[in-house]
Every structure is written in structure tokens, then in C-alpha cells.
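The structure under discussion appears below in the form of C-alpha cells.
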2 protein chains.
Amino acid sequence: MSRNNKDEPVFERYRLSTNKKKIRIRDFDTRDKSCFPDRVEAEANAAADILAIAELQNRLYAEGKQALLIVLQATDTGGKDSTIRKVLGPINPQGVEVTSFKAPSSVELAHDYLWRIHQAVPAKGMIGVFNRSHYEDVLIVRVHNLAPRDKVEQRYDQINEFERHLAENDVTILKFFLHISKDEQKERLQARLDDPSKHWKFNPNDLKERKRWDEYEEAFELALSRCSTKHAPWFVIPADRKWYRNAVIARIIRRTLEAMDPQYPEDSFDASNIVID
Amino acid sequence: MSRNNKDEPVFERYRLSTNKKKIRIRDFDTRDKSCFPDRVEAEANAAADILAIAELQNRLYAEGKQALLIVLQATDTGGKDSTIRKVLGPINPQGVEVTSFKAPSSVELAHDYLWRIHQAVPAKGMIGVFNRSHYEDVLIVRVHNLAPRDKVEQRYDQINEFERHLAENDVTILKFFLHISKDEQKERLQARLDDPSKHWKFNPNDLKERKRWDEYEEAFELALSRCSTKHAPWFVIPADRKWYRNAVIARIIRRTLEAMDPQYPEDSFDASNIVID
């Protein structure tokens, strides 16, 4: 059954406009919970949505004609790993492919910045998840001046064209910015320090990046407003509350898969005529 | 805590000897349940083992120094997909990478048969699962004469050397042959025909392959006996009962990860000295 996503409040509320007007991230409330005000209900909704996603993913795989690409971006501690574990963990691992983009290797740097990205695009039938993505090439690269500014300025259009190419070739794209407040980041960093079993996740370098909070905010504002398109919308997800973040993302993924409406393929044989010796 | 796998009956019972003497697959009972005779207990054991695997996988990922490669082979309907879903489904998808090897592409065929396999070897910190593998190059290739016989004969040693190379480079290897009876396959094929939502999994070609049951059995006997090594053992898993298959495999994976004994890395910083602004 195909659904019209416009019926769904999470789309109305968190999908960025495609008018390319620069947004101000501070205008977005990281603790908004207007779509699922009650935590218990939100968790029940998320559980049902995740089950539905798992079933839809089976059909997507069986159909083998289209792919879903989910792009996750956030500031450090924004919750990318935990979103993947909670919302996409229960899906058949055979149908999901997570790619974590780290600092590019020397081979990757010897190619254009979309080269490694293109290789990781999910095959038909698959859900692909990018934990960080080509957007790093207009985020960290912009903030740290890792490429000339005029090169970076060209990238927004290049990214839009690349994503349009994918969309025109049967890849549905969802991009989530997990939006936390600076205070929430402080709490999460502190929690990593307080729990020795989480020390491996703590990188003292994260504190240096934290000092550039405003610069990252500006880079996100440019990336989100310039690259929210009809074929590859950005969603700004209030992410201070993990349960709310999960409920919203699960609902968006579910409705998107429903709209993709994958179908089991038609039989290439007449089952009633087959005898197994 | 490192464990000695020899304490564990599933290793004793289902790990093939490394003496390279040809086995007879018919000597192995596809309905054996001697390690977990009671279904309810087996399922409880598997659930606990799977939880332990998920925790060990976190540590493996945090450590980032070694990988686990799980190779799954079976005759059609043997249960590879369902094993992946049930035993490895609950693990953080970010730490598991499933590669399904289909008929090779023209680019793949233009390279040696291990070329595409090597590319899919899990990175340090990861659990990699091969749904089919390089063993197809001595199974279907042997049965259908897709390569000259003398070339196929060379491959067993080549595979052993390749797997030794991986093992010497921090990849622990487990190979599971999911062993079902010909009658069980008939039931599973029939079940696919009886359920329209499973028709997409039914391939009339499977019936042609079924007629070659004895030839496949012979090819498996050669592959399993020639390629069960200390560094990459084959396990013959009784797989007519899915719950038993899952319990045995979950136990073997758990004990193997325990023996790999991944450790959270040591702190590169003094947590007590860090202040977050």
C-alpha cells in the first residue's frame, strides 16, 4: 500500500524546505517532542515502526529493484552509532550495509571526494547507511580549510547533482542531521569520561572540535540549506532525547519504505505444476 | 577471560579433523541433537550466547586489532540466510558485514577466483560473514565443470594457503557447513511453493541442482576434508532442526570470540584531568 508522506506530521515538521534559504540551526529546538509527546507511547510507536521496517526490508530485498540510502550526520556524540543500533539493528543484517566514512586514505585522497562514496552506494534491494558521508567534504573540510574555499563552494551543487543521479537511478535518499545542543554534548562527553568501558569512544581531539562549535554550526547551516532537495531532503532531528530521536527516524524510514512500495516479484513458474522428486 | 575451546562439546563433536582423510557426509546425522537435547533449553542457551556475542563484538570493534570471518556453505535451502538473521541479526549492524557471493560478474571472472573474496575479508574490529564463498569454486564449479579439473584440483591447497595467510594476519576463521538431508530439502522446497510470499525464493533451477545431490555431496566431501585446517576448521552442523543449528553455531561463535579475547584499548589520556568547557 503506497502512502502519501504528506499525511505524516514528522515529515511536515522536520523536513527542511527546498527553497535553499539559509536556515539558522539555533531556531530548531533540540528538545522538541511535539510529534510524540509521551515517552512510553513514543517507544511503543518506534517498536512497531521498526518491525514494519524489517518486513518492508524483506520485500525490498525480494523485489531487488530499488535501494534506500540513509545518510547520518551529527556533531560528535550526536548519536549516529546508537541510532544505527536501535533503529536499524533489528533488521536482517543481510539487507543492510553500514559504511562508516573516516578520514580518507591516501588512495581515496588521490580521487575526487565522491569516488569512495559512489562505491558504497547500496545495491538494489539493500538499505545502505552512511555513518558520516560526502557531507564531511563541506563540513570538517570547510571548518579546517582542508580544501580551497572556492573548491568547497562548488561542492554543494556537485553533491545535489550526484544525489539527483542516484535518485533517478532508483535510490531513495533520506538525510538525517541529528541535532543536539552544546550542553547535551557536554553531558555526553562527560558520561564517556565517567564510564571506563566507554573511554575508547572518547577522543581528546573531540574537545578541540567542540571549541569550533559555532564554525561547525555555520557549516551545517550551509550544507543543510543548500542541499535539501526534493530528491534528497534533509531532516533536522531533535536529538537531545534519544527515545524521541529514534521514534521520529523510525517513523520517517517506515513511511518512506511504504511509499517506495516494494513488491514481491511475480512468479516465473506455475507453483501448482511443480513436483519435487 | 580466555577459554579453552576444548572444554566445549560442540567443538569436539562438530569440528572436522585436520587429517585430510576423506569424510563420508552420510556418516553425519542431520538430526543429531546430542549437545542440546531439549529444544527449550537450546533456545535459552542460544539467546544467552547471542547476547554474549553482541557484547564481545562491541569489544572486538573497540579493540580494532583482529577480525572474525564466518563462512557459511550449504546445499540449497540449507538455512544460510536464516542462520544469519537469527544468530547474527541481534548484533550491532555497524560491526557485521555480510557478503553474499553470487555467480561472478565479468570483471570478477577476469581475475583469479580469490580476487573478489580477498576484497570482502572483514577489516580489523569486524565480524565478516560470507554467504557462500570461495568454496563455490570447488563446489558448483566442480559439479558443473566450469573450470578444467586440474585447475580445480589445485584450488584446495591454494585455499588453505590463502586462509593461512588471513589467519596469520589476525583474521580468525570459522567455516560452517549446514548439513540437511535430502528429505528435509524436499520439505523446505515444498514449503516455499506452498507459501506465495516465499515464491520469490524458489528457483526452478534448484530442482535441477537437486538432481545432482550425489555429485554435490562428493564435492562437499572433498572440500571439507581437504580444507579443514587448524587455522580454518570446518564444522559440520546438523541443520534439519533450525533451533539446534542456531544453538550450536551461536555456542561456537561465542567461545571463539571469548578465545580471541578482545580488550578495550588502554586510555591514551587521563580521564581525571579532563575538563569539558
Side-chain angles (χ1 to χ4, degrees), chain A residues 54 58-59 61-64 80-82 84-86 88-100 123 127 129 131 182 185-190 192-204 206-207 210-211 213 263-277, chain B residues 54 58-59 61-64 80-82 84-86 88-100 127 129 131 182 185-190 192-207 210-211 213 263-277:
Chain A
N58 281 339
R59 273 206 268 157
Y61 189 85
E63 182 191 62
K80 298 185 303 299
D81 293 354
S82 130
I84 293 169
R85 198 170 61 247
K86 294 291 184 182
L88 299 159
I91 303 177
N92 185 353
Q94 197 150 218
V96 181
E97 194 174 29
V98 180
T99 308
S100 296
I127 296 178
V129 183
N131 183 341
K182 201 172 176 187
Q185 187 186 62
K186 181 176 179 176
E187 277 184 36
R188 292 185 184 185
L189 287 169
Q190 192 62 53
R192 286 185 183 175
L193 283 176
D194 294 345
D195 177 352
S197 84
K198 292 201 170 139
H199 280 183
W200 67 277
K201 283 189 165 187
F202 185 88
N203 181 346
D206 291 352
L207 296 182
R210 179 171 162 82
K211 291 198 202 305
W213 184 273
Q263 300 295 324
Y264 287 108
E266 288 193 24
D267 294 355
S268 59
F269 51 86
D270 178 357
S272 61
N273 265 347
I274 290 178
V275 179
I276 303 166
D277 294 324
Chain B
N58 281 339
R59 273 206 269 160
Y61 189 84
E63 181 192 61
K80 298 185 303 299
D81 293 353
S82 129
I84 293 169
R85 198 170 61 247
K86 294 292 184 184
L88 299 160
I91 302 176
N92 185 353
Q94 198 149 220
V96 181
E97 194 174 29
V98 180
T99 309
S100 297
I127 297 178
V129 183
N131 183 341
K182 200 171 176 187
Q185 187 186 60
K186 181 176 178 175
E187 277 185 36
R188 293 185 184 185
L189 287 170
Q190 191 62 53
R192 286 186 182 175
L193 283 176
D194 294 344
D195 177 352
S197 84
K198 293 202 169 135
H199 280 183
W200 68 277
K201 283 190 165 184
F202 184 88
N203 181 346
N205 200 42
D206 290 351
L207 296 182
R210 180 171 162 82
K211 289 197 204 306
W213 183 273
Q263 300 295 325
Y264 287 109
E266 287 192 23
D267 294 356
S268 59
F269 52 86
D270 177 358
S272 62
N273 265 346
I274 290 178
V275 178
I276 304 166
D277 293 324

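Chain letters run A, B, ... following the sequence lines, proteins first, then strands; residues in each count from 1.
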Original post:
Does any heavy atom of chain B fall under 4.5 Å from the side chain of A:Arg192, the backbone, both, or neither of them?
Top reply: neither
Original post:
In Å, rounded to the nearest 0.5 Å, how long is the span from CG of A:Asn131 to CD of B:Gln94?
Top reply: 4.5 Å
**OP:** Could you pull out the closest heavy-atom pair between A:Asp277 and B:Lys211, with the gap in Å?
**Re:** OD2-NZ, 3.5 Å
Original post:
To the nearest 0.5 Å, how far apart are NZ in B:Lys186 and CD1 in A:Ile276?
Top reply: 7.5 Å
Original post:
Does atom NZ of B:Lys80 have more than 12 heavy-atom neighbours, drawn from other residues, nucleotides or ligands, at distances under 6.0 Å?
Top reply: yes
Original post:
Closest heavy-atom contact between A:Tyr264 and B:Ser197?
Top reply: CE2-O, 3.8 Å
Original post:
Does the pair A:Phe269 and B:His199 meet the rule for a side chain to side chain contact (heavy atoms under 4.5 Å, CB included), with working shown?
Top reply: CA-CA 9 Å; A:Phe269 51 86; B:His199 280 183; 4.1 Å; yes
Original post:
Given the options A:Val129, A:Leu189, A:Ile91, A:Leu193, which has more heavy-atom pairs under 4.5 Å with chain B than any of the others?
Top reply: A:Leu193
Original post:
CZ/B:Phe202 to OG/A:Ser268 distance, rounded to the nearest 0.5 angstrom?
Top reply: 9.0 Å
Original post:
In terms of heavy-atom proximity below 4.5 Å to chain B, should A:Glu97 be classed as side chain, backbone, both, or neither?
Top reply: neither
Original post:
Can you tell me if NZ on B:Lys198 sees more than 12 non-hydrogen neighbours from other groups inside 6.0 Å?
Top reply: no
Subject >> Reported OH-to-NZ distance for the pair B:Tyr61 and A:Lys201, which is rounded to 0.5 angstrom >> reply: 9.0 Å
Subject >> Which atom of A:Gly89 lies closest to which atom of B:Pro93, heavy atoms considered >> reply: CA-CD, 3.6 Å
